[in-house]
Amino acid sequence: MTFQEDWDERSHFIELALQKSGGAYSIDDVHECVVNGDAHFEPVEEGGAIFFFHEYPNKKVLRIWLAGGVLESDLTPVLDCAVREADRLECDAIEVEGRKGWERVLQPHGFKHKRTVLIKELEK
């Protein structure tokens, strides 16, 4: 399949993940990030994932930005893709920014809590 065919088939999974992520991006924004090469889209069985590469001053990291689909019962397809992409980009780590419940799900896969992000929405 081509990228666009995969995207058309699986972007609704990403859209559902976006609905839970705070509203900073629309599905069109994510598509543009992928098309421009700023993010990487990975179709997985019954889902999809979006990865970002981030280079901190002392560390290269692959961030699992968005993931959706039938994943809560088995994250292995997304994690396997993330490891391959991180290896390809010579990353030092894989990070996930997400809801609190992901900590429990990801701990058996070797993820450890390192920081917390708190957000206050401002009224306009």
Side-chain angles (χ1 to χ4, degrees):
M1 284 185 130
T2 67
F3 158 73
Q4 194 58 51
E5 290 170 332
D6 280 335
W7 180 262
D8 290 343
E9 185 176 297
R10 292 180 169 84
S11 63
H12 66 282
F13 294 121
I14 302 303
E15 198 160 20
L16 290 171
L18 281 170
Q19 291 172 5
K20 299 175 183 178
S21 70
Y25 291 85
S26 71
I27 192 67
D28 293 333
D29 297 328
V30 175
H31 183 264
E32 187 175 328
C33 286
V34 173
V35 170
N36 290 341
D38 297 325
H40 175 77
F41 168 68
E42 191 67 48
V44 296
E45 189 174 336
E46 297 188 58
I50 306 288
F51 305 139
F52 259 134
F53 171 74
H54 188 79
E55 192 162 357
Y56 295 101
N58 297 308
K59 190 180 262 193
K60 294 179 185 177
V61 175
L62 182 81
R63 176 178 291 173
I64 302 174
W65 176 25
L66 297 162
V70 185
L71 303 173
E72 274 121 31
S73 60
D74 185 13
L75 287 172
T76 305
V78 171
L79 296 176
D80 288 348
C81 290
V83 168
R84 281 194 304 275
E85 186 69 3
D87 285 345
R88 184 182 75 77
L89 295 169
E90 299 178 346
C91 292
D92 300 298
I94 297 171
E95 68 182 14
V96 176
E97 181 180 313
R99 296 182 319 277
K100 180 77 173 148
W102 284 114
E103 183 179 352
R104 176 187 45 80
V105 173
L106 290 168
Q107 274 182 333
H109 297 279
F111 286 79
K112 293 179 175 36
H113 181 267
K114 295 289 183 176
R115 64 182 170 266
T116 300
V117 176
L118 301 168
I119 298 173
K120 177 184 178 178
E121 300 291 340
L122 301 175
E123 292 184 35
K124 295 188 179 200

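Throughout, residue positions are numbered sequentially from 1 according to the sequence presented.
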Min side-chain heavy-atom separation Val83-Leu62 under 4.5 Å: no

Partner residues of Asp38 under the side chain to side chain donor-acceptor pair (under 3.5 Å) criterion, sequence neighbours left out: none

Sequence-distant partners of Tyr25, ring pair (Phe, Tyr, Trp, His ring centres under 6.0 Å), two or more places apart: Trp65

Qualifying residues under side chain to side chain contact (heavy atoms under 4.5 Å, CB included), relative to Ala49, sequence neighbours excluded: Phe51, Ala67, Val78

Salt bridge (Lys or Arg N to Asp or Glu O under 4.0 Å) partners for Lys100, two or more places apart: Glu103

Counterpart residues, side chain to side chain donor-acceptor pair (under 3.5 Å), relative to Arg84 (two or more places apart): none

Distance (rounded to the nearest 0.5 Å) between Asp28 CG and Glu15 CD: 8.0 Å

Reported CD-to-CD distance for the pair Glu42 and Glu85, which is rounded to 0.5 angstrom: 7.0 Å

Single-linkage hydrophobic cluster, 4.5 Å side-chain cutoff, Ile50 and Leu18 together: yes

Residue list, side chain to side chain contact (heavy atoms under 4.5 Å, CB included) with Glu32, at least two apart or on another chain: Asn36

Any side-chain heavy-atom pair of Asn58 and Asp92 under 4.5 Å: no

Pairwise distance NE2(His54) to SG(Cys91) - rounded to 0.5 angstrom: 11.0 Å

Side-chain heavy-atom pair Phe111, Val105 within 4.5 angstrom cut-off: no

Spacing of Leu106 atom CG and Ile64 atom CD1 [to the nearest 0.5 Å]: 7.0 Å

Contact summary for His12 and Glu9, nearest pair of heavy atoms: CE1-O, 3.1 Å

Side chain to side chain contact (heavy atoms under 4.5 Å, CB included) partners of Leu16, counting only residues at least two apart: Gln19

Closest heavy-atom pair and its distance - Ala39, Phe52: CB-CE2, 3.9 Å

Results of salt bridge (Lys or Arg N to Asp or Glu O under 4.0 Å) for Arg115 - residues two or more places apart only: Glu95

Asp6: salt bridge (Lys or Arg N to Asp or Glu O under 4.0 Å) partners, not counting sequence neighbours: Arg10

Side chain to side chain contact (heavy atoms under 4.5 Å, CB included) involving His31 - partner list, sequence neighbours excluded: Phe3, Gln4, Trp7, Val35

Stepwise side-chain contact (heavy atoms from CB on, under 4.5 Å) check, Val30 with Phe41: CA-CA 9 Å; Val30 175; Phe41 168 68; over 6 Å; no

Sequence-distant partners of Ser26, side chain to side chain donor-acceptor pair (under 3.5 Å), two or more places apart: Asp29

Interatomic distance, Lys60 atom NZ to Glu90 atom CD [nearest 0.5 angstrom]: 5.5 Å

Hydrophobic cluster identity match, Ile14 and Trp102, side-chain contacts under 4.5 Å: no

Single-linkage hydrophobic cluster Leu75~Val96, side-chain heavy atoms < 4.5 angstrom: yes

Co-members of the apolar cluster containing Tyr56 [side chain, <4.5 Å]: Val61

